[in-house]
Engineer: 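Mind looking over this structure? Questions follow.
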Amino acid sequence: MKRFRRILEKFIEGILLSSSTITSLTVILIILFLFREGLGLFNRSPLEHNFIIAVSKQNPVQDLSSDQLKAIFNQDITNWSKVGGVKDSIILFTINDITNYFSEEELGASLENLPQKLNEFIEANPGALMHVSEKYLPKKFNGHTIHVKNISVGDFLFGKQWYPTSEPIPSFGIWPMIIGTFLVTFGALLIALPLGLATALFLAEVADIRLRNLVKPLVELLAGIPSVVYGFFGLIVIVPLIQGLFKLDVGETVLAGSIVLGIMALPTIVTIAEDALRTTPLSLKEASLALGATRWQTLRKVTIPYAKSGISAAVILGIGRAIGETMAVLMVTGNASNVPHSFLVPARTLPATIAAELGEAPYGGLHFKALFALGIVLFLFTIIINLTVAYIRNREKK
Amino acid sequence: MTRKQLSQRIAFSTFTLISLVVVAILFVILGFIIVRGASVISWEFITGKPEEGMTKGGILPAIVGTGCLIVGSMIFAFPVGVLSGIYMNEYLGQNRLRRFINFMTNNLAGVPSIVFGLFGMALFVNYLGFGDSIIAGSMTLGLLSLPVIIRTTEEALKSVDDSLRTGSLALGATKLQTIRRVVLPVAFPNIITGLILSIGRVSGETAPILFTVAAYFLPNLPQSMYDQVMALPYHLYVLATSGTNMEESRPMAYGTAFVLIVLVLLVNLLANLLRKTLSKRVKM
């Protein structure tokens, strides 16, 4: 009986242990899946599936970056000498142009003559650059295909253009969103910090117990309101207010996002900062008061310095909350994909981009992978924030 | 009045004033939604299906959907969260493993909800092949609420006086018996409060369900856990931003926001009530 009991206890302990590994497991799985999908963006050709870029045999150009290709298709680059080739003008040939060069009879009913025509075309035009589907490439091709360089991490992070579905070559630069995210977060902090810290000080030092028991649950209630409700409120109330106040064409701006996010980050900052202020030992405060200091002097010279690291943790966690917030920001910032240069223009943030576009991105395509890569960036931000908080708290213990 | 006192008076009044502003913000938001939403609420709104491009009718499918997601996520997250909370507080001392698990749990708590959405889509919808379904959405939401449940369970257990544990052990009870008969009953009110509060969180989350379960428009109620559902927060998002006729569907949006807010308020109220009544009962 006793032995049975012991085995049972060990068994239950095993169940408890395995439950407690689930959070760690989830974090690892999140990393695994984000990277599995997201890194795909960087190790494959940025061209649409099955499409190739082909040039004449004599053309010495072997590879092009996506930026160069984009410039060629936009007619910003019109000469091969600009991309390392001989001096010859570039003749663009895309699948949409074929009827300009060949009649329908020449091509055949199901384009069966197209490969042969491509050969003829490229022989006649040594400066041609063809963008065609791989299946139309002739078996004995009189040219060679161009290797299009993969998107680099640098292009991704610092690229200023985000045109994920543009043809023939998409752009995945997330710089506007990084700036948008930071600008919105920064604005939110400007609002939430003074309000949040003052409220925390009020709760911890000024309010008597009855008032505190009334106010604190109300602040915590702010945290419970779903983010779409904040977004909805922002859309209906704050956005028109900003539009009217600053006489803008659209009210969906960085400022609107900052105000909504600032309100949303309040409870985090208030709760954690107040907890930190309360950790100051009573004996320290009493010693200060006994020396004749006022409560305000004690607060400034004893309590706040003692709770400094806890307060910083509160601020950083508030930032974390603001960076990751999705729905409310999506609803009020207007989602323009330009780099925002003031608080009164529309902007988009990293999470809002994922939420807005993942539904339309074809599964497994470049756009889909790019959104997962955005997820990686977002995840790395949160890891940095958590490490910072852990570091601050550790230092505090020592 | 001396200068010292004056500066204290000014500082403390500022803090009080700002706190009042914060509370006022809360009341403005709540008041706005409740006043505008209450006029929309009717029996038909609660029990009807959306009609005429979601400008008329009700929101029953969204209410049922959110209900399914709450139940689904909590079936998973309640036991796992409470069990790991117990293990961490009762079995692991302040050792390295505990610190590691703590760190990972904190990380999970900090992961933005949209990243949970990406993850849920990649793992449950695509890799495990559940498709957009209640089970995929529930698992995603369950994982998201785990850190909160673990944290509150730990806090609840921590507040149990150690003398109770040592007393029980001294009487010859095993560790498991001590936990089951002594520690858990005392900690129970606080644990249950945490659980109920996490329901509030789950019912309002939008980003994690966008790509794992939420349907734009689906008047039929779900038949199995592999079905898609509408959900209250996503429905509000759709009504507010992308309805076919935004002006006409505004009242529906106010009504949906009202229902969401009332749900959150009720959950908070319930949690507080339970904490009070239950802790009276176990007080020793």
Side-chain angles (χ1 to χ4, degrees), chain A residues 5 9 12-13 15-17 19-20 22-24 26-27 29-30 33-34 37 194-195 198-199 201-203 206 215 218-219 221-222 224-229 231-233 235 237 263 266 294-297 320 323-324 326-327 331 351 354-355 358-359 363 372 375 378-379 382-383 385-386 390, chain B residues 4-5 7-8 11-12 14-16 18-19 21-23 25-26 29 32-33 80 83-84 86-88 91 100-101 103-108 110-115 118-119 122-123 126 143 146-147 150 174-176 200 204-207 210-211 233 236-237 240-241 253 257 260-261 264 268:
Chain A
R5 163 139 269 154
E9 296 227 342
I12 290 179
E13 198 182 326
I15 293 180
L16 294 178
L17 171 66
S19 301
S20 59
I22 286 192
T23 48
S24 314
T26 310
V27 174
L29 279 176
I30 288 177
F33 273 91
L34 283 183
E37 297 287 352
L195 295 185
T199 308
L201 288 170
F202 170 77
L203 288 175
V206 183
V215 174
L218 287 177
V219 173
L221 202 59
L222 266 178
I225 299 177
S227 55
V228 267
V229 174
F232 182 56
F233 178 80
L235 196 64
V237 178
I263 299 173
L266 270 178
T294 61
R295 277 164 71 206
W296 171 229
Q297 283 172 323
I323 287 182
T326 314
M327 299 315 290
M331 290 164 85
I354 301 176
L358 190 63
Y363 173 69
F372 271 82
L378 205 51
F379 183 76
T382 54
I383 292 284
I385 283 176
N386 282 314
Chain B
K4 272 198 322 196
Q5 283 167 325
S7 73
Q8 164 160 325
F12 282 11
T14 315
F15 298 156
T16 313
I18 289 179
S19 308
V21 169
V22 170
V23 173
I25 291 173
L26 174 79
I29 296 176
F32 181 80
I33 303 280
V80 172
L83 290 181
S84 40
I86 293 174
Y87 188 74
M88 283 165 72
Y91 285 84
F100 175 76
I101 295 179
F103 176 69
M104 288 305 237
T105 310
N106 278 341
N107 268 332
L108 195 64
V111 171
S113 53
I114 187 70
V115 173
L118 281 177
F119 169 65
L123 176 63
N126 293 328
L143 289 175
L146 261 187
I150 294 177
T174 63
K175 188 160 197 170
L176 191 66
E205 281 288 351
T206 317
L210 277 178
F211 314 113
L236 173 58
Y237 170 67
T241 60
L260 258 178
I261 292 267
V264 170
N268 274 286

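Convention: sequence-line order gives letters A, B, ...; per-chain numbering from 1.
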Engineer: Roughly how far, to the nearest 0.5 Å, is OG1 of A/Thr26 from CG of B/Leu143?
Structural biologist: 4.5 Å
Engineer: Taking all heavy atoms of A/Phe33 and all of A/Phe372, pick out the closest pair and write down the distance.
Structural biologist: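 Looks like O-CD2, 4.3 Å.
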Engineer: Sub-3.5 Å donor-acceptor pair from the side chain of A/Thr326 to the main-chain atoms of A/Gly324, do we have one?
Structural biologist: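 Here the side-chain-to-backbone pair exists.
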Engineer: Establish, from distance only, whether the side-chain atoms of B/Asn107 and A/Asn386 form a donor-acceptor pair under 3.5 Å.
Structural biologist: yes
Engineer: What residue, out of A/Pro351, A/Ala355, A/Gly375, has the most heavy-atom pairs lying under 4.5 Å from chain B?
Structural biologist: A/Ala355
Engineer: Rounded to the nearest 0.5 Å, what's the gap from CD1 on A/Ile22 to OG1 on B/Thr105? Could you check?
Structural biologist: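 Between atom CD1 of A/Ile22 and atom OG1 of B/Thr105 there are 11.0 Å.
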Engineer: Let me confirm one number: the CD1-OG1 distance from B/Ile150 to A/Thr23, rounded to the nearest 0.5 Å.
Structural biologist: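 B/Ile150 CD1 to A/Thr23 OG1: 4.5 Å, rounded to 0.5 Å.
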Engineer: What's the spacing between B/Tyr237 OH and A/Phe232 CZ if we round to 0.5 Å?
Structural biologist: 14.0 Å
Engineer: If I measure from the heavy atoms of chain A, does B/Ile261 come under 4.5 Å with its side chain, its backbone, both, or neither?
Structural biologist: side chain
Engineer: Can you confirm whether B/Lys4 sits close enough to A/Trp296 that some side-chain heavy atom of one is under 4.5 Å from a side-chain heavy atom of the other?
Structural biologist: no
Engineer: For the atom pair CG (A/Leu201) and CD1 (B/Ile18), what is the distance rounded to the nearest 0.5 Å?
Structural biologist: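 A/Leu201 CG to B/Ile18 CD1: 9.5 Å, rounded to 0.5 Å.
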Engineer: Examine whether an atom of A/Ile30 lies under 4.5 Å from a heavy atom of chain B, and if so say whether it belongs to the side chain, the backbone or both; otherwise answer neither.
Structural biologist: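 Contact with chain B involves both backbone and side-chain atoms of A/Ile30.
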Engineer: Given that the side chain runs from C-beta out, which part of A/Leu266 has a heavy atom under 4.5 Å from chain B: side chain, backbone, both or neither?
Structural biologist: side chain
Engineer: Under a 4.5 Å heavy-atom cutoff, which of B/Phe103, B/Phe32, B/Phe100 has the most pairs with chain A?
Structural biologist: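 The answer is B/Phe32.
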Engineer: As an exercise: rank B/Gly204, B/Ser19, B/Pro233 by heavy-atom pairs under 4.5 Å with chain A and give me the winner.
Structural biologist: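 Heavy-atom pair counts peak at B/Ser19.
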Engineer: With no hydrogens and no angle check, is any side-chain donor or acceptor of A/Gln297 less than 3.5 Å from a backbone partner on A/Thr294?
Structural biologist: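 Answer holds: yes.
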Engineer: Does any heavy atom of chain B fall under 4.5 Å from the side chain of A/Leu29, the backbone, both, or neither of them?
Structural biologist: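 For A/Leu29, backbone and side chain are both near chain B.
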Engineer: Indicate the atoms forming the closest heavy-atom contact of A/Met327 with A/Ser227, along with that distance.
Structural biologist: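 Closest pair (atom of A/Met327, atom of A/Ser227, distance): CB-OG, 3.9 Å.
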Engineer: Name the region of A/Ile263, side chain, backbone, both or neither, that has any atom closer than 4.5 Å to a heavy atom of chain B.
Structural biologist: side chain
Engineer: Select one option (side chain, backbone, both, neither) describing which atoms of A/Ser24 are under 4.5 Å from chain B's heavy atoms.
Structural biologist: both
Engineer: If I measure from the heavy atoms of chain A, does B/Leu176 come under 4.5 Å with its side chain, its backbone, both, or neither?
Structural biologist: both
Engineer: Counting heavy-atom pairs under 4.5 Å to chain B, which of A/Arg5, A/Glu37, A/Met331, A/Arg295 comes out on top?
Structural biologist: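 When all of A/Arg5, A/Glu37, A/Met331, A/Arg295 are compared, A/Arg295 has the most.
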Engineer: Which bit of B/Ile29 comes within less than 4.5 Å of chain A, counting heavy atoms only: side chain, backbone, both or neither?
Structural biologist: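 Backbone plus side chain of B/Ile29, per the 4.5 Å heavy-atom cut-off to chain A.
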Engineer: Examine whether an atom of B/Val80 lies under 4.5 Å from a heavy atom of chain A, and if so say whether it belongs to the side chain, the backbone or both; otherwise answer neither.
Structural biologist: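 Contact with chain A is through both the backbone and side chain of B/Val80.
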Engineer: For the candidates A/Leu221, A/Ile385, A/Ile323, A/Val219, which exhibits the highest count of non-hydrogen atom pairs separated by less than 4.5 Å from chain B?
Structural biologist: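 Heavy-atom pairs under 4.5 Å are most numerous for A/Leu221.
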Engineer: Distance check, rounded to the nearest 0.5 Å: A/Leu16 atom CG versus B/Tyr91 atom OH?
Structural biologist: 5.5 Å
Engineer: For residues B/Ser84 and A/Ser20, is any side-chain donor paired with an opposing acceptor at under 3.5 Å?
Structural biologist: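 No donor-acceptor contact under 3.5 Å links the two side chains.
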Engineer: Which atom pair, heavy atoms only, marks the closest approach of B/Phe211 to A/Gly359?
Structural biologist: CE2-N, 3.4 Å
Engineer: Among B/Thr16, B/Ile86, B/Leu260, B/Val21, who wins on heavy-atom pairs under 4.5 Å with chain A?
Structural biologist: B/Thr16
Engineer: Could you look at A/Leu195 and say if it's the side chain, the backbone, both or neither that has a heavy atom under 4.5 Å from chain B?
Structural biologist: both
Engineer: Looking at chain A, which one of B/Ile101, B/Asn126, B/Ile33 has the largest number of heavy-atom pairs inside 4.5 Å, strictly under?
Structural biologist: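 Winner by heavy-atom pair count: B/Asn126.
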Engineer: Considering only heavy atoms, which portion of B/Leu146 lies under 4.5 Å from any heavy atom of chain A: side chain, backbone, both, or neither?
Structural biologist: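 Contact with chain A is through the side chain of B/Leu146 alone.
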Engineer: For A/Ile12, is it the side chain, the backbone, both, or neither that has a heavy atom closer than 4.5 Å to a heavy atom of chain B?
Structural biologist: side chain
Engineer: Top residue by heavy-atom pair count (under 4.5 Å) with chain A, among B/Ala257, B/Pro147, B/Gly200, B/Ala11?
Structural biologist: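 Between B/Ala257, B/Pro147, B/Gly200, B/Ala11, the count favours B/Ala11.
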Engineer: What part of B/Leu123 gets within 4.5 angstrom of chain A, counting heavy atoms only: side chain, backbone, both, or neither?
Structural biologist: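 Looking at B/Leu123, backbone and side chain both touch chain A.
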Engineer: Looking at B/Thr14, B/Ile25, B/Leu26, which makes the most heavy-atom pairs under 4.5 Å with chain A?
Structural biologist: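 Highest number of heavy-atom pairs under 4.5 Å: B/Leu26.
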Engineer: Which one of A/Leu222, A/Leu17, A/Ile383 has the most heavy-atom pairs closer than 4.5 Å to chain B?
Structural biologist: A/Leu17
